[in-house]
Amino acid sequence: MDFSKITAALKLLGKAELGAPLVIVIILAMIMLPLPAFLLDLLFTFNIAFSLIILLVVVYTLKPLEFSAFPTVILLATLLRLALNVASTRIVLLKGHDGGDAAGKVIEAFGAFVIGGNFAVGLVVFTILTVINFMVVTKGAGRVAEVGARFTLDAMPGKQMAIDADLNAGLITQDEARLRRAEVATEADFYGSMDGASKFIRGDAIAGIIILFVNMVGGLAIGVAQHGLGFAEAGEIYVLLTIGDGLVAQIPSLLLATASALVVTKVGSNGQNIGQQVSMQLFENPKALMITAGVIGALGIIPGMPNLVFILLASALAGSGYWINKRHKEVGTVNISQPLELSHAAPEIRELGWDDVMPVDIVGLEVGYRLIPLVDKNQGGQLMTRIKGVRKKLSQELGFLIPSVHIRDNLDLSPTAYRISLMGVTVGESEIMPEMEMAINPGRVFGMLQGKSCQDPAFGLDAVWIEPNQKDHAQTLGYTVVDPGTVVATHLSYLLQAHAHELFGYEDAQKILENLAKSAPKLVEDLVPKTLPLGLVVKVLQNLLQERVPIRDMRSIAETLAEYGVKSQDPDILTSAVRSSLGRLIIHEISGIQNELPVITLDYELEQLLLKSLQTAGENGAGIEPGLTEQMYKSLQESTQKMEMEGQAAVLLVSSYVRPWLARFVRHSISGLHVLAYNEIPADRQIKVVSTVGRRT
């Protein structure tokens, strides 16, 4: 005999990928082939143990997605139980007349011991178990699974928008966003599968009832007609065996239905399984235990009641409530291990020095005392991690290192307020609700929410503070729901990007040039200080950042400055030259890879009038008529709004001489309008004029 081939075959069967096909083959064999009584006992015992394992795994699972194979497991367990029903029916009907243990010890035990050998009692117990399983657990779990699947699918767009918002704010990376999107899709698939899997359990419960009555009628007919038994004797044998068989099948079915109900009714986890959640939320309120103890104790002193039982239970509840209340007080007590020693000696007064002059924080974040948990890692705060993500994302996008954010508490602020400062000057502040979440209206929603109305501090969008349990409903209606930490981080990101030119200084420029010198040493050597002083380079880079142009491509910037620096030392002229060399980057930041660029232009007569006024009065535009300025502003604002409503980026295309003044003119009043010069458009991009602003527009 070739033992090596047998060993190889056993190893092949032991592989995990053959597990499911092997189970299906075993189920088919149970249906088609007669099984001995001992093997049937073993399979019935395994069925009960398997259902119990599934229930316990569900109890100790923190999130439903950790047991994503549950719908498939339900199907396999249901098929196994139905196959056992077929196998047990065959052996009961074939060998039931030989005695109670002919169909196996397990069926005999459930028919004789569990129900006391009384088939009337067994029928009642089986009916009660079936009603509990079918009408209560299975029906309720099926309804919850159906509603959960519907709401999960409806909430998918809102969850995807929230992931995109976190990604754009720099709170998560591309890989984290990909994982979260996959988790959202898996969650929708899981609840959809659970909606279908609940039908398996429901069908199993119905099948158990039908199988019971078919077996009873078939057993009576076979016992009387084929084996010549009396009706009473046949009923005693076959009805008891049939009820025992039904009970053996209904108990695993009830366990599986309970596991299914636990999965679909589980709300949140917070790192806790079901047992921990129940104990923490149900038995951690001493008032509830004390009041219950009082009510039970009052019932216990009523004459005729089982006084001892009621008094014992009331005493146990009162003791538990007292112990829990005492433990809460001990946790809330602050112990001072070392008392403060007061010294009566006069403090030594030292001379002031430069160390007493504290430098201002480049970027500062002050929070009220109720927001401290958001920044305290020991209390689970994630705000500092998100701020690091914001700094990393902006540093990569803009091309220089964003300074660290100094965070401190400020008791002068409102408890729920925060304040953002640059160079010691406040540039933004707002209030948030730390225990709630902000539902932001992105412009199109399908319903209203109950909560406290507010505005998103970063972009001024209408929003509502809602309870965390309303999050899924809000996302279903189209709202973008973010937590308080994300609100602060997004506001900070917006302000850092708007004031990037103020954060950029000499040290940053020097560091950028040192990094560039590693790959292009001759270029840096000829640029600073031979061609341009460092201060002029800093001014040009600040001008670019102020106009939202990244300085990532430092090589192109340095080459342009080296070329034009010998001709002019004017920072505005140099900035225009650099913008022209970065035209492809600027256009890509505005419209992506689209070949056609929709633009707004100025009427030739108006542009010539602006050109003459600027040449006469200088770049401050003092020679332009106020009425013309106001009319031009209104026209530009209307054209910008029209393009944004059509989903297009608003671009104003003018001559290079007029562009700097117009860019300053619309910078703070028309935030969505990009002002470009003709020489900044790459040769491979096509221009489409969508509107023209004239003197009489």
Side-chain angles (χ1 to χ4, degrees), residues 359-364 390-406 421-425 427 493-583 585-586 589 618-620 656-657 659-661 663-664 667-668 674-677 680:
V360 297
D361 299 324
I362 299 178
V363 183
V390 168
R391 290 182 57 225
K392 181 179 180 181
K393 183 173 185 294
L394 289 180
S395 299
Q396 293 173 345
E397 289 181 350
L398 298 178
F400 74 98
L401 182 63
I402 300 296
S404 300
V405 180
H406 184 220
S421 61
L422 299 179
M423 313 300 179
V425 179
V427 293
S493 174
Y494 174 79
L495 292 175
L496 290 177
Q497 194 167 11
H499 296 271
H501 61 287
E502 299 178 28
L503 302 174
F504 187 84
Y506 277 70
E507 294 296 330
D508 302 296
Q510 185 64 45
K511 188 64 179 178
I512 289 177
L513 292 174
E514 290 175 359
N515 290 337
L516 180 61
K518 297 176 182 178
S519 58
K522 185 62 177 176
L523 174 60
V524 176
E525 181 183 347
D526 290 342
L527 178 61
V528 179
K530 289 184 179 180
T531 304
L532 296 174
L534 181 61
L536 193 54
V537 175
V538 171
K539 181 60 179 174
V540 172
L541 295 178
Q542 288 176 341
N543 288 345
L544 293 173
L545 291 171
Q546 189 173 18
E547 295 180 351
R548 303 292 181 93
V549 178
I551 57 174
R552 300 191 301 267
D553 188 8
M554 194 60 202
R555 185 186 185 94
S556 299
I557 295 173
E559 289 176 349
T560 305
L561 291 177
E563 178 184 355
Y564 286 87
V566 297
K567 304 175 185 178
S568 174
Q569 299 281 309
D570 188 330
D572 290 337
I573 294 177
L574 294 175
T575 301
S576 297
V578 172
R579 284 182 59 93
S580 178
S581 66
L582 298 178
L585 172 63
I586 296 173
E589 292 287 327
E619 293 186 0
N620 58 5
S656 58
Y657 191 83
R659 195 209 67 80
W661 178 84
R664 287 191 290 269
R667 181 174 299 152
H668 302 293
H674 305 273
V675 184
L676 305 182
E680 295 172 4

Engineer: For Ser519 and Pro521, which heavy atoms make the closest approach, and how far apart are they?
Structural biologist: C-CD, 3.6 Å
Engineer: Show which side-chain atoms of residues 497-512 pair as donor or acceptor with protein atoms under 3.5 Å away, not counting sequence neighbours.
Structural biologist:
{"from": "His499", "atom 1": "ND1", "to": "Glu502", "atom 2": "OE2", "distance (Å)": "3.0"}
{"from": "Asp508", "atom 1": "OD2", "to": "Gly505", "atom 2": "N", "distance (Å)": "2.9"}

Engineer: Could you tell me whether Glu397 and Arg391 have a side-chain N and a carboxylate O separated by less than 4.0 Å?
Structural biologist: no
Engineer: Can you tell me how far apart OG1 (Thr560) and CG (Leu582) are? Round to the nearest 0.5 Å.
Structural biologist: 6.5 Å
Engineer: Does the side chain of Leu585 reach to within under 4.5 Å of the side chain of Arg552, using non-hydrogen atoms?
Structural biologist: yes
Engineer: Taking it one step at a time, do Asn543 and Asp572 satisfy side-chain contact (heavy atoms from CB on, under 4.5 Å)?
Structural biologist: CA-CA 8 Å; Asn543 288 345; Asp572 290 337; 3.9 Å; yes
Engineer: Please report the closest heavy-atom contact between Val405 and Gly364, naming both atoms and the distance.
Structural biologist: CG1-C, 4.5 Å
Engineer: So, do Leu561 and Val537 sit near enough that their side-chain heavy atoms are less than 4.5 Å apart?
Structural biologist: yes
Engineer: Please find the pair of heavy atoms, one from Ala562 and one from Leu527, that lie closest to each other, and give the distance.
Structural biologist: N-CD1, 3.7 Å
Engineer: Taking side chain as C-beta onward, heavy atoms only, is Gln546 less than 4.5 Å from Arg667?
Structural biologist: yes
Engineer: Is any side-chain heavy atom of Ile551 closer than 4.5 Å to a side-chain heavy atom of Ile557?
Structural biologist: yes
Engineer: State whether Arg659 and Glu547 are salt-bridged, where the test is any N-O pair (Lys NZ or Arg NE/NH1/NH2 against Asp/Glu carboxylate O) under 4.0 Å.
Structural biologist: yes
